[in-house]
Structure formats: structure tokens, C-alpha cells
Amino acid sequence: MRLGVLRRSTPVEDSPIMRAAFIETLGPPESIQYGELPLPAPGPTDVLVNVTATTVNPVDTLLRAGIFRTPVAFPLVISRDLVGTVAAAGPGAPGFAVGDRVWSNSLGHGGRQGAAAERAVVAADRLYHLPAGVDPAEAVSMVHPAATAYLGLFTHGRVMAGETVLVAGAAGNVGSALVMLAAEAGARVIATAAVQDLDHCRSLGAAEAFDYRHPKLAALLRDTCPRGVDAYLDTSGQNDLATAVELLAPRGRIVLLAVKQADPVLPARRLYMKDCSVVGFVISHATSNELAEAAVTINRLLANGRLRPRTLERLPLSAAAEAHRRMELGELHGRRLVLLPDA
């Protein structure tokens with residue numbers, strides 16, 4: 001059923017409507033509207049959350065544009081991540097009480113309404129408690145890239161302590177999380193990034209960091225990792241699989257988590273002879289159990305202050321269209337933009 005846009009004259013706490021950023025059709029950033037929608041009602045296994053902050057991820061722009069296909073019901077509230085407080089919980093949502101600080105990172109796709117609103121309904125198995133003392137804006141900026149990194153490294157990459165991990169594009173949001181999580185797990189991390197970002201990569205735990213534009217980068221990496229790398233993750237989406245396979249150690253793994261080149265060439269014979277593998281994953285397809293496993297580590301690192309954005313910018317929720325435009329123009333590299341419901 002389509003929900004019409006309504007006007008509001010009373011506060012959200014007493015009103016059946018709320019303000020939200022939403023779309024009524026797939027399209028460009030200009031298709032995002034900011035207005036009023038009916039207040040969502042939680043089911044028996046859902047939690048109604050007062051949204052404190054949400055954010056914008058590259059996949060949010062792909063979904064809005066229709067490039068990432070997923071079930072949607074219009075009007076669709078955009079964005080997948082939120083931090084907020086519990087307003088109400090269904091009887092089948094034990095463990096959540098009114099006032100609890102919580103977060104989620106899997107709304108706005110798969111038939112679920114999004115987080116860019118004053119209130120959102122979250123299934124209890126996709127909602128997690130926020131550790132005490134953690135800044136909501138900093139937390140919401142990290143839960144998507146950190147979960148992507150966790151799933152890439154451990155769920156799909158099977159990285160273990162003592163192994164060598166190569167992270168290409170290591171200074172971005174997901175890349176930084178990959179470096180930090182892999183180093184924290186006891187892996188040796190080799191990072192490639194722009195020259196101005198190399199110290200940042202080292203500060204996150206990279207044992208070595210190289211300029212990705214270096215004319216002899218492949219040779220430098222071979223010299224640094226003479227037995228090869230156990231896991232290769234490229235956040236840039238370039239996916240030079242010929243170089244990646246050459247750099248792999250026996251039984252090494254390539255994890256595809258971003259793709260810009262439609263059909264990269266895979267040297268299958270070499271991959272086969274080294275007992276290596278290639279696996280791809282999209283976080284939007286992660287199960288609730290996989291996301292919950294990642295949330296345990298994310299909460300631990302939020303609580304101890306290890307998981308924080310490099311640069312954070314705050315905008316009102318009414319600026320959602322502007323945020324999407326800036327994301328698509330590439331203006332947010334290494335920067336996390338947080339949207340706050342308007343006062």
C-alpha cells in the first residue's frame with residue numbers, strides 16, 4: 001500500500017505523522033523529498049526507534065538510482081544506518097526497553113523502510129544496543145563500513161592471526177576499517193593508498209603502506225611479501241585480478257567487495273594451480289546472524305574508542321538530497337557525513 005505525504009501541526013510524540021527523507025520513484029538525488037509521512041507502527045517482533053542520527057553510504061545512492069536492485073515499497077524512506085533510542089518494543093522483541101540507546105545498519109532495502117526519518121521501525125534481530133558513552137554521530141558513521149570490513153575479512157575472507165592481508169584503497173572508510181580490524185585480529189596488514197594517506201594507514205595498524213601510484217608497486221609488494229598474501233581486498237573496485245593472483249600465497253583468497261570494472265580478467269589457470277579462491281559479497285545480502293556477529297566486534301571497538309571516523313560532518317536531515325549529490329560527485333572520500341533530524 002502506498003502511503004501519502006501528510007502535513008503535521010503537532011509534535012512527533014503526539015502526532016501520527018513524522019518528517020522523513022524519502023523517494024516516490026527511483027532516480028537522481030533530486031528525487032529525494034523531505035516532508036511528512038505516516039508514523040510507522042512496529043509489529044510484534046519489531047522495535048520503534050526515535051532516530052538520533054543517520055548517514056549516507058555509496059550503496060544508498062545506488063539503491064536510490066535503481067542500480068542496486070532490491071524490493072522497495074514507495075514512498076521509500078532512504079538510508080540504512082541509524083542510532084537512536086527505543087520508543088516502543090513489540091512483545092516479541094525481548095531485551096529492548098523504552099529509552100535504550102540502539103543502532104542498526106540494515107534498513108532501507110530488502111523491503112524494509114529506511115532510517116532517514118524522525119522514527120523508524122527495526123526488526124529486533126537487526127537492532128543492537130549502543131555502548132555507554134559512545135557519541136551517536138560517530139557511531140552511526142562507522143557501523144556500515146565496519147560491518148562491511150568485518151564480513152569481508154572474517155566471514156568471507158577467513159582471515160586468521162598471523163596471516164598477511166593486503167588492503168588496496170586503505171584510506172577510505174571501508175579501507176580504514178579493514179586495516180584496523182585486520183591488525184587488531186593479529187594479521188600483518190599491507191596497505192596501498194594515496195601518498196598523503198600513508199601515515200594514516202600506519203596509524204591504524206598497517207605494517208607497511210605504499211603509494212598506489214608507485215610505478216613499481218607490484219614489485220614492492222612482492223619484495224615485502226615474498227611468500228605472498230593470504231587475503232587480498234580492494235575497496236577501490238578496480239580489481240586488478242591478474243596482479244592480485246600473482247601476489248597471493250598458496251591457498252590465498254581474493255575478496256571482492258566493490259566493483260567498478262565490469263569484467264576484470266581472472267587468470268584462472270594460475271589461481272587454480274595455487275589452490276587459491278575468489279569470493280564476492282554484498283553486505284546487503286548478509287544474514288541477520290552474520291550482521292549480529294559483526295555487531296559484537298563493532299560494539300567492542302566503539303566502546304574502547306578504537307572505531308572512530310577520520311573526519312565527520314553533520315548536516316540536517318532535510319539536506320539528504322545534497323548529501324547524495326556530494327557522495328556521487330566524490331566529495332566525501334575519507335569523510336563521513338551524518339544527517340540529524342531537524343529540531
Side-chain angles (χ1 to χ4, degrees), residues 145-195 197-261 263-283 294 297 306:
T148 302
Y150 181 94
L151 295 172
L153 287 168
F154 307 116
T155 305
H156 299 283
R158 309 187 308 279
V159 169
M160 297 184 293
E163 291 192 316
T164 298
V165 176
L166 192 150
V167 179
N173 297 309
V174 174
S176 294
L178 283 166
V179 172
M180 195 271 290
L181 284 170
E184 201 259 351
R188 178 191 181 212
V189 182
I190 311 300
T192 66
V195 65
D197 293 322
L198 299 183
D199 285 343
H200 170 67
C201 295
R202 296 185 187 102
S203 74
L204 295 171
E208 303 284 350
F210 298 101
D211 179 4
Y212 78 96
R213 295 189 183 92
H214 196 289
K216 296 182 179 179
L217 178 61
L220 287 173
L221 294 172
R222 283 194 296 270
D223 290 344
T224 302
C225 309
R227 67 166 293 276
V229 300
D230 299 291
Y232 183 106
L233 301 96
D234 181 0
T235 71
S236 74
Q238 299 302 322
N239 296 315
D240 179 357
L241 297 184
T243 298
V245 170
E246 188 62 32
L247 290 171
L248 287 179
R251 299 201 172 183
R253 291 85 65 195
I254 297 171
V255 181
L256 301 179
L257 45 75
V259 176
K260 288 183 179 177
Q261 183 177 335
D263 294 301
V265 177
L266 175 67
R269 184 185 300 274
R270 183 65 173 148
L271 183 85
Y272 160 74
M273 295 300 293
K274 294 173 74 172
D275 287 348
C276 294
S277 61
V278 179
V279 61
F281 87 97
V282 177
I283 189 173
T297 294
R306 290 275 289 145

Any side-chain heavy atom of L256 sitting closer than 4.5 Å to one from L241? yes
Tell me if a side-chain donor or acceptor on D230 pairs with a main-chain N or O of T164 at a distance below 3.5 Å. yes
Would you say R188 and E208 make side-chain contact, with heavy atoms under 4.5 Å? yes
Would you give the length of the straight line joining atom NE2 of H214 to atom CG of L221, rounded to the nearest 0.5 angstrom? 10.0 Å
Do Y232 and L247 have side chains that get closer than 4.5 Å, going by heavy atoms? yes
So L181 and Y150, do their side chains get closer than 4.5 Å, heavy atoms only? yes
Report the distance from atom CZ of R306 to atom CG of L204, rounding to the nearest 0.5 Å. 7.5 Å
Check this for me, if you would: do R158 and E163 make a salt bridge, where the nitrogen-to-carboxylate-oxygen distance has to be below 4.0 angstrom? no
Between N239 and P264 the two heavy atoms that sit nearest each other are O-CB, 3.4 Å
Take R253 and C276, measure what side chain to side chain contact (heavy atoms under 4.5 Å, CB included) needs, and give me the verdict at the end. CA-CA 6 Å; R253 291 85 65 195; C276 294; over 6 Å; no
Working to the nearest 0.5 angstrom, can you tell me the gap between L153 CG and H156 NE2? 11.0 Å
Just by distance, do the side chain of T235 and the backbone of V174 share a donor-acceptor pair under 3.5 Å? no
Straight-line distance of D275 CG to L248 CG, nearest 0.5 Å: 11.5 Å
Could you walk me through whether Y212 and V195 pass the side chain to side chain contact (heavy atoms under 4.5 Å, CB included) check? CA-CA 8 Å; Y212 78 96; V195 65; over 6 Å; no
How long is the span from the CD1 atom in I254 to the CG atom in L233, to the nearest 0.5 Å? 9.5 Å
Apply side chain to side chain contact (heavy atoms under 4.5 Å, CB included) to the pair L271 and L266, showing each step before the final yes or no. CA-CA 8 Å; L271 183 85; L266 175 67; 4.3 Å; yes
Once you round to the nearest 0.5 Å, how far does CZ of F281 lie from CG of L151? 5.0 Å
Would you say that C225 contacts I190 through its side chain, given a criterion of any heavy-atom pair below 4.5 Å between the two side chains? yes
Are the side chain of T192 and the backbone of A170 linked by a donor-acceptor contact shorter than 3.5 Å? no
Locate the shortest heavy-atom distance separating V159 from F154; write the atom from each residue and the value. O-CD2, 3.6 Å
